Protein chains: 2
Amino acid sequence: MSVTIRDVAKAADVSATTVSRVFNHSDLVHSDTQERVRNVANRMGYRPNATARSLSHGRTQTVGVILPAPHGEFFSEIIRGIDEVAQEAEHYMLISSSHYSLSESEAALQSLQGRVDGLLIMTIQADAQRGLLDEYAIDVPVVFMNNASESLPYNSFKIENRAGGYAATQHLIERGHRRIGIILGPPHSHDVRERRRGYRAALHEAGIDPDAQPVIEGDFTQASGYEAGRRLLELDTLPDAVFSCNDYMAIGAMSALQKRGVRIPTDLAMAGFDDIPSAQYTTPALTTIRVPVYDLGRHAAERLFSMIHAADPERPRQTVLPTELIVRAST
Amino acid sequence: MSVTIRDVAKAADVSATTVSRVFNHSDLVHSDTQERVRNVANRMGYRPNATARSLSHGRTQTVGVILPAPHGEFFSEIIRGIDEVAQEAEHYMLISSSHYSLSESEAALQSLQGRVDGLLIMTIQADAQRGLLDEYAIDVPVVFMNNASESLPYNSFKIENRAGGYAATQHLIERGHRRIGIILGPPHSHDVRERRRGYRAALHEAGIDPDAQPVIEGDFTQASGYEAGRRLLELDTLPDAVFSCNDYMAIGAMSALQKRGVRIPTDLAMAGFDDIPSAQYTTPALTTIRVPVYDLGRHAAERLFSMIHAADPERPRQTVLPTELIVRAST
DNA sequence: GCCACATCGCGAATCGTTACACTCATAAGA
DNA sequence: TCTTATGAGTGTAACGATTCGCGATGTGGC
């Protein structure tokens, strides 16, 4: 069906090896021959078969990306970061989403095995995931975009979740608020747990009882934030301020509150987390904790490629990504 | 290095053929043998090499997706739709982004060739793109997620852009506005052109001179919308209403306007296009034209898989995706 | 005792490309 | 003149799985 390297070889009256060399190590073949082969190849419409190529030298030119979800501004930004680096390195992205489920994440890990040169993984429970690598004897470089346990021999990135939660809460306290609620994310999320810890620590330090504050559950979506906003309205008294574990929920909550006439920040101050692109375009613009999401994607991908190209394995590192308080009009 | 089918065969004391049969045509081998082989395979950590498999029977279990960009809520939703279907069909998504450039799109097309079983393409200039398919003799099924020319033998989806632009504008007129500006998207975008046509038609019909209305250029990003908002403020008189060619820009523009004290919808009404998830959570919630973006992804992917699995080629169809006016608080 | 059928093996070819180990000139050096 | 080196190109064996054509068993039914 398709024209193969041997067809070209025959037509150009050289060996298949020579044709292969023209496309791979062109310095090994005479320029005249090269030109002839190239012409013939073009004329015949020859395109090297990527699959055969992969099989032959064990490189797929593809990296696997496993994310909780393939959409939303947060993951979107990560993908953008990875995409940028991958394109420079002439690699493709095979994206697989676990839908926040550990078993799906496991399935993705298994079936991605063998089709990629490396793996970039983000799960909500990095702790649980890491065991799988041993179990399934993953033999390609892996970079975790969450914090795996520090003791484990994997490359990973650690967002300063606790410091971020602390900074956001402290900021709210400084603004004079005493009754500060929190909107949580998915229950098993390590990130959420840490952000909450920072929140509690800040309250505690200021002499405010963390256990007396309103706690609303969410799942990181705008819709759940909206729902959280409605729950806040049902409370006997509205809190002075709310720390939302991500921006999407903060946006949803603000929407629900504003719809009922609650003025932000006058009646209630709102702080988010992540600093997704949309955060600066809400009304009022959202005070939040900036997470270098795009950089996370970029750095993780860069790390992965350096592992892929390295002759001998580098020592795994855990990189800390700093968070930063961005004060806008919502507080 | 890795454990092969022959290793398993040896260990399970069967032939490689049998092992292969276990994993492919399991009905041809006795259940006892099957179990034994499966156990051994598991114990040894055998994973069939996907590349070899692909080479052998010409299927990659992968579909290629070419989008202008891999991020943002619009493309994000498309990806979600495709992802859903692909996962059901046990296929992977190879995502490639053209960064709104035709040449990059071309490059992606070329190099995706041979690594995928089918292609889902969205470009800003579908007209220019379609020629490439012939030129590069793409031999896998292709579905365009934009409207290719109706005369061409490709499957494609057509968003009712013109009707949408018309509906949005007419709605603004019905609300009593007479001076209605427009924020455009990327200059070469076919979608933008059509939306603008609808906008102009509605104005014309209402006896309003389209050429007398403010026109601001944008590029579909929130940032460009924000900039557009600032430009509006520099005009001698603010228009009564604005139709933005997508939601992201509408959100950006609202942000800039509100920051300067412009009340929406009292001082200025704003309508967007797309109905991205965020549109319902802005303050005020955004009136917009709903495009079934998620469905577009789903349907396109479903169509693609039906082509991939079909024995004989089906006749290409052009499917029209209806748009719908969603009235919210911004008008 | 014969036949049908289920189960499995064997060897070899195939998919398209790449890499190793050569050969064969021709040129340079002593 | 006889090595020795070098540039240019070839032949063939991988890479790992699937598939095909047979053929070899063994089992059960009648």
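Keep in mind the model is a prediction, meaning the values are calculated, not measured. Letters go in sequence order (proteins before strands), and every chain restarts at 1.
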With D219(B), which residues qualify under side-chain hydrogen bond (donor to acceptor under 3.5 Å, both in side chains), at least two apart? T221(B), S224(B)
H57(A) or N24(B): which one's nearest nucleotide on DNA chain D is closer to the 5' end?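 Per heavy-atom nearest nucleotide, the more 5' residue is H57(A).
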Which of the following nucleotides, [options], is nearest to the side chain of [X]?
| X | options | result |
| --- | --- | --- |
| P48(A) | dG16(D), dT17(C), dT7(C) | dT17(C) |
| S56(B) | dG16(C), dG9(D), dA17(D) | dA17(D) |
| L55(A) | dA8(D), dT18(D), dG16(D) | dG16(D) |
| R21(B) | dT18(D), dG21(D), dT18(C) | dG21(D) |

Side-chain N or O of [X] versus OP1/OP2 of [N]: is the shortest distance under 4.0 Å?
| X | N | value |
| --- | --- | --- |
| R53(A) | dG16(C) | no |
| N49(B) | dA17(D) | no |
| T33(A) | dG9(D) | yes |

Any pair with a residue in residues 5-15 of chain A that passes salt bridge (Lys or Arg N to Asp or Glu O under 4.0 Å), sequence neighbours left out, goes on the list, sorted by first then second residue, please. none
Please list all pairs meeting salt bridge (Lys or Arg N to Asp or Glu O under 4.0 Å) that have one or both residues in residues 86-96 of chain B, counting only residues at least two apart or in different chains. E88(B)-R298(B)
Rounding to an integer number of Å, can you tell me how far [X] [atom1] sits from [N] [atom2]?
| X | N | atom1 | atom2 | answer |
| --- | --- | --- | --- | --- |
| D32(B) | dT7(C) | CG | P | 10 Å |
| I5(A) | dT14(C) | CD1 | P | 18 Å |
| Q61(A) | dT18(C) | CD | P | 11 Å |

Can you name the salt bridge (Lys or Arg N to Asp or Glu O under 4.0 Å) partners of E77(B), sequence neighbours left out?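 In terms of salt bridge (Lys or Arg N to Asp or Glu O under 4.0 Å), with neighbours along the sequence ignored, E77(B) is linked to R80(B).
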Let me know which of S103(B), S105(B), S97(B) forms a side chain to side chain donor-acceptor pair (under 3.5 Å) with S101(B). S103(B)
Nearest non-hydrogen partners of V3(B) and V8(B), listed with the distance: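 Closest pair (atom of V3(B), atom of V8(B), distance): CG2-CG2, 3.9 Å.
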Pick the closest DNA chain C nucleotide for A52(B) and for L28(B) by heavy atoms, then say which residue is nearer the 5' end.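 Going by which nucleotide is closer to the 5' end, it is L28(B).
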Mind running a 4.0 Å heavy-atom check of residues 13-20 of chain A against DNA chain D and sending the residues that fall below it, in number order?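 Here the set is V14(A), S15(A), T17(A), T18(A).
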Base, sugar-phosphate, or nothing: which does F23(B) touch, judged by heavy atoms less than 4.0 Å apart? nothing
Taking donor-acceptor contacts at under 3.5 Å, does the side chain of R6(A) reach the base of dT17(C)?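 A donor-acceptor contact between them is present.
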Can you tell me which residue pairs pass the ring pair (Phe, Tyr, Trp, His ring centres under 6.0 Å) test with a partner in residues 23-48 of chain A, sequence neighbours excluded?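 Output for this query lists F23(A)-Y46(A).
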Give every residue pair that meets the ring pair (Phe, Tyr, Trp, His ring centres under 6.0 Å) criterion with at least one member in residues 84-120 of chain A, sequence neighbours excluded. H91(A)-F305(A)
Residues forming a side chain to side chain contact (heavy atoms under 4.5 Å, CB included) with R59(B), sequence neighbours excluded: H57(B), Q61(B), D117(B), I308(B), H309(B)
Near DNA chain C, which residues from residues 34-45 of chain A have a heavy atom under 4.0 Å away?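 Within this stretch, nothing sits under 4.0 Å of the strand.
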